[in-house]
Each structure stands twice: as C-alpha cells, then as structure tokens.
Asks: 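Can you keep this structure in mind? I'll have questions shortly.
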Amino acid sequence: MADVNQGSVLPGETTPPALDGLNATDSNGTDAVNATVAKFVATPEGTALAYGSLVFMALLPIFFGALRSVSCGKSKNSSDMPETITGRDAARFPIIASCTLFGLYLFFKIFSQEYINLLLSMYFFVLGILALSHTMSPFMNRIFPASIPIKQYQLLFTQGSGETKEEIVNYEFDTKDMICLVISTVVGVWYILKKHWIANNLFGLAFALNGVELLHLNNISTGCILLGGLFVYDVFWVFGTNVMVTVAKSFEAPIKLVFPQDLLEKGLGASQFAMLGLGDIVIPGIFIALLLRFDVSLKKNTRTYFHTSFLAYIFGLGLTIWVMHTFKHAQPALLYLVPACIGFPVVVALLKGELTEMFRYEEVSAEDAAAKEETTQVEKKDK
C-alpha cells in the first residue's frame with residue numbers, strides 16, 4: 001500500500017501516508033517549475049475509509065475467484081481453461097519475477113519513461129478489456145432479458161490439416177458476451193484517456209479475479225513453494241534494494257487497487273491514494289482457491305479450510321497495515337500474508353487429523369487428464 005500520485009504503482013509494498021513533492025510541467029511536457037508541496041496528512045476518517053475500502057476490494061476477487069475456480073475447468077472455451085502451476089513452475093517463478101523486475105528497472109533507466117508507459121498502457125488496455133469482459137459474463141447471464149434473441153458465435157484457429165490438425169484457439173461466445181465486450185471497451189477508453197482511479201480499480205479487480213480463477217496450483221506443496229519463494233522475493237526487493245520502488249514509481253498500469261485518502265474532502269477528484277498491489281491479492285488468492293477445491297474434494301459439505309485461509313488473509317492484511325502505521329516504514333505485505341495463509345490452515349488440518357490428506361491432495365491439468373483418459377481407453381481396447 002502507498003500514498004502516491006495518480007498513475008504511480010508500488011506493487012507488493014506498503015508505505016506510510018506521505019507525499020514529499022511534485023514536479024509541475026507545462027503543456028509541452030517540460031519541467032516548468034519545481035514546486036515542493038507540504039506533506040499530505042490524511043484525516044483519521046480518510047485513512048480508515050481508504051484502508052477499509054482496500055481490504056474490502058481485495059477480498060472480492062479472492063472470494064468470487066475461488067468460487068469460480070471450482071467450476072472453470074468444465075468450460076469448453078480454451079480461454080476459460082485453468083493454467084496449472086506445478087512445483088517446478090513455482091520454484092522458478094521468483095527467479096523469473098526478479099529478472100523481469102530488474103529488466104524493467106534497466107529499461108526505465110535507459111529509455112524514455114513516456115514511451116515505455118505508452119506501450120504498457122496499450123498492452124494493458126487490450127488485456128483489461130478481455131479480463132473485464134470475462135469477469136462480467138456470469139453476471140450478464142443472470143440479468144440479460146429473455147425476450148432478446150441470443151446468437152451463438154465461434155472463433156476457431158487451427159494449425160495443420162488432416163490428422164495433424166491442432167486447435168490453437170477455440171472460443172465460443174454469444175450476444176451477451178458481445179455486450180460485455182462493448183461495456184469493457186468503454187471502461188478501457190475511459191482509463192486510457194483519464195487514468196481515473198475508478199477505471200483503474202475496475203481493471204485491477206478484473207485482473208485479480210481472473211488470476212485467482214484461472215491459475216491453479218496442483219497441490220498444497222506447490223502452493224507452499226510458491227508463497228515461500230515470493231515471500232523471500234518481496235522482502236529482498238523491498239528492504240534490500242531500491243529497484244522495486246524505482247520501477248513502481250515509473251510504472252503506469254492497472255496492476256494495483258487504489259483508494260483516495262482525501263475522498264471526503266475532494267470527492268471523486270481526489271488525488272492522494274492508498275494502494276495495494278495485485279500480487280498481494282492474487283498470490284495468496286490462488287492458494288485460498290486451492291484450499292476451497294480441497295474442501296470440495298472432501299465431500300463433507302463444509303468449507304473449513306477455505307474459511308480459515310480467508311480469515312487468515314484478513315488477519316495478515318490487517319497486521320500489515322498496523323505495522324506500517326506503527327513503525328512508519330514500507331512493509332512488504334507478503335511478509336505477513338504468507339505465514340498467515342499457510343500457517344492457519346496447516347494448524348487446523350493438524351488439529352483435525354487431516355494434514356496428511358491435505359498434502360496428498362493433487363490436481364491434474366486438463367491436458368494431463370485428457371491424456372490419461374486416452375491412455376485408459378487404448379488399454380481397454382488392447383484387452
């Protein structure tokens with residue numbers, strides 16, 4: 001979380017409320033005057049509203065994304081199929097993330113920040129439209145008038161021919177999906193033109209929900225490896241270097257949730273923001289979603305591990321905010337979220353005598369499941 005100028009990003013980090021200075025620029029984009037602005041001090045009401053709203057917004061994609069992750073594997077659309085993260089993927093992820101972060105740091109040091117952010121804005125504009133459209137689709141199905149005829153469409157890309165023909169993209173959609181796409185495009189244009197914090201949050205919530213829904217850990221051990229690795233990653237890049245902060249202040253994209261601390265004074269035109277990076281939502285969120293699917297596999301009509309991890313996330317995020325304001329220092333949120341989200345469910349499983357069963361739980365990707373079924377059918381034919 002951080003209080004920054006609109007458009008700035010501090011992913012995976014929490015900082016106390018402060019705005020040290022602003023550079024005023026003229027219409028040509030050159031520095032016109034270097035004006036120092038007094039530190040912004042939020043009111044207690046504004047601070048409580050901002051952080052309370054961030055916590056609430058963070059819980060939405062985790063809760064609904066986890067619920068949708070249970071059934072998304074049954075979809076026929078290739079774009080809706082979950083991506084399974086294995087132990088090897090989890091072990092490599094912090095290294096890849098570190099290389100990407102340092103690469104962005106070098107890019108911003110060498111090339112013009114303006115042109116890099118222009119390319120990033122267009123990239124996230126397209127991704128944001130698709131993510132928001134996918135997020136809205138289930139809600140549109142419920143409210144769409146039955147009197148309006150629904151037409152079916154299919155977007156199919158294949159490679160090769162005959163027996164070697166392979167599907168690259170097989171996306172089925174209908175009139176309702178087209179409406180979602182139009183609405184999402186309007187939000188995208190609003191974000192590109194105004195960079196408004198509400199448009200940013202709509203895209204950010206969509207990215208987070210899609211991440212929790214479509215990124216599946218294959219087992220609990222993989223989740224522990226991923227969260228443990230990113231725990232070290234977050235602590236190192238926040239406390240050990242200035243790389244993350246430098247990239248964050250230069251990077252303009254809807255990869256965070258923001259809420260103004262001066263909303264009560266300035267309304268929707270507020271500009272002093274508290275912020276939470278999407279990584280602090282999606283990473284614990286995919287682990288919480290895994291625990292929900294584990295609950296479903298137990299077939300006990302209870303959601304013990306999901307509820308436990310969900311409450312653990314609230315505790316960890318609240319602890320992050322408390323430490324930040326107590327010590328007035330930047331805090332990597334995963335430092336508190338990872339021990340809470342892993343520790344609480346493990347303790348519950350230990351008390352219930354289900355720890356072994358929890359760590360034996362395994363999910364397979366759609367491709368592996370299809371290959372296994374095909375092998376089984378071949379063996380039956382041979383017999």
Side-chain angles (χ1 to χ4, degrees), residues 12 14 52 54-73 82 84-87 89-91 93-94 208-209 211-235 276 279-323 331-364:
T14 308
L54 282 178
V55 172
F56 176 73
M57 285 192 293
L59 297 178
L60 291 177
I62 293 177
F63 183 82
F64 291 105
L67 293 178
R68 289 172 59 161
S69 75
V70 175
S71 58
C72 71
T84 301
I85 301 174
T86 64
D89 298 329
F93 193 85
L209 191 146
V212 175
E213 176 188 357
L214 299 175
L215 292 175
H216 286 199
L217 297 164
N218 66 343
N219 55 48
I220 301 296
S221 297
T222 298
C224 293
I225 293 171
L226 178 65
L227 267 66
L230 290 176
F231 173 91
V232 176
Y233 160 88
D234 212 22
V235 172
L276 180 67
D280 299 327
I281 302 172
V282 175
I283 299 304
I286 60 177
F287 187 75
I288 295 171
L290 173 65
L291 290 173
L292 174 59
R293 297 193 297 275
F294 172 63
D295 276 325
V296 173
S297 73
L298 294 176
K299 299 178 180 179
K300 293 183 178 180
N301 294 323
T302 61
R303 299 294 181 264
T304 303
Y305 297 103
F306 172 66
H307 293 150
T308 301
S309 57
F310 194 75
L311 292 175
Y313 180 85
I314 298 174
F315 170 79
L317 196 56
L319 182 60
T320 305
I321 296 172
W322 180 82
V323 172
Q331 299 295 319
L334 292 182
L335 176 63
Y336 307 96
L337 291 173
V338 169
C341 290
I342 293 178
F344 282 38
V346 167
V347 170
V348 171
L350 190 62
L351 294 175
K352 295 184 66 176
E354 296 176 341
L355 188 62
T356 302
E357 190 173 1
M358 172 188 279
F359 277 88
R360 283 179 178 174
Y361 175 69
E362 184 87 19
E363 290 185 354
V364 295

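All of these numbers come straight from a predicted model, not from anything done at the bench.
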Asks: Side chain to side chain donor-acceptor pair (under 3.5 Å) for Glu362 and Asn219? Distances and angles first, verdict last.
Replies: CA-CA 5 Å; Glu362 184 87 19; Asn219 55 48; 3.1 Å; yes
Asks: Looking at CD1 of Ile288 and CZ of Arg293, how far apart are the two atoms once the value is rounded to the nearest 0.5 Å?
Replies: 12.0 Å
Asks: Counting N and O atoms only, with roles assigned by atom type, does the side chain of Asp234 sit under 3.5 Å from a partner on the main chain of Phe231, one being a donor and the other an acceptor?
Replies: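 Such a contact is absent between Asp234 side chain and Phe231 backbone.
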Asks: Locate the shortest heavy-atom distance separating Leu209 from Pro61; write the atom from each residue and the value.
Replies: N-CB, 3.5 Å
Asks: Is it the case that atom CZ in Phe359 sees more than 12 heavy atoms from other parts of the structure closer than 6.0 Å?
Replies: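 Result for CZ/Phe359: enclosed.
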Asks: Is Tyr361 atom OH crowded by more than 12 heavy atoms from other residues, nucleotides or ligands, each under 6.0 Å away?
Replies: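 Result for OH/Tyr361: enclosed.
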Asks: Looking only at heavy atoms, what is the nearest atom pair of Ala58 and Leu276, with distance?
Replies: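 Closest pair (atom of Ala58, atom of Leu276, distance): CB-CD2, 3.7 Å.
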Asks: Quick one: closest heavy-atom pair of Pro345 and Met358, and the distance?
Replies: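 What the structure gives for the nearest pair is O-CE, 3.8 Å.
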Asks: Can you tell me how far the SG atom of Cys341 sits from the CD1 atom of Ile283, to the nearest 0.5 Å?
Replies: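 The SG atom of Cys341 sits 11.5 Å away from the CD1 atom of Ile283.
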Asks: Quick one: are Val338 and Phe287 in side-chain contact, heavy atoms under 4.5 Å?
Replies: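 Heavy-atom side-chain distance check fails, nothing below 4.5 Å.
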Asks: How long is the gap from CD1 on Ile286 to CG on Leu226, to the nearest 0.5 Å?
Replies: 5.0 Å
Asks: Between Phe294 and Leu290, is the side chain to side chain contact (heavy atoms under 4.5 Å, CB included) condition met? List the steps.
Replies: CA-CA 6 Å; Phe294 172 63; Leu290 173 65; 5.7 Å; no
Asks: Can you see which heavy atom on Pro332 is nearest to which on Tyr336, and at what distance?
Replies: O-CD1, 3.9 Å
Asks: To the nearest 0.5 Å, what is the distance between CD1 (Ile225) and CZ (Phe93)?
Replies: 14.0 Å
Asks: So, taking the atom named CG in Leu230 and the one named CG in Leu337, what distance separates them when rounded to the nearest 0.5 Å?
Replies: 12.0 Å
Asks: Got a list of side-chain donor-acceptor pairs under 3.5 Å for residues 305-319, not counting sequence neighbours?
Replies:
from   : atom 1 : to     : atom 2 : distance (Å)
Tyr305 : OH     : Glu354 : OE1    : 2.5
His307 : ND1    : Arg303 : O      : 3.1
Thr308 : OG1    : Thr304 : O      : 2.7
Ser309 : OG     : Tyr305 : O      : 2.9
Ser309 : OG     : Phe306 : O      : 3.0
Tyr313 : OH     : Asp280 : O      : 2.9

Asks: Compare every heavy atom of Ala90 with every heavy atom of Pro94, then report the nearest pair and how far apart it is.
Replies: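 For Pro94 versus Ala90, the nearest heavy atoms are CD-O, 3.2 Å.
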Asks: Looking only at non-hydrogen atoms, find the nearest pair between Val346 and Leu355 and report the distance.
Replies: CG1-CD1, 3.9 Å
Asks: Would you indicate whether the side-chain heavy atoms of Arg360 and Ile220 approach each other to under 4.5 Å?
Replies: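 A side-chain contact is absent here, since even the closest heavy-atom pair is not under 4.5 Å.
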Asks: When rounded to the nearest 0.5 angstrom, what distance separates CD1 in Ile62 from CG in Leu67?
Replies: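 Rounded to the nearest 0.5 Å, the CD1-CG separation comes to 12.0 Å.
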Asks: Kindly indicate whether the side chain of Asp89, heavy atoms from C-beta on, has any atom under 4.5 Å from the side chain of Thr86.
Replies: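 Yes - at least one pair of side-chain heavy atoms lies under 4.5 Å apart.
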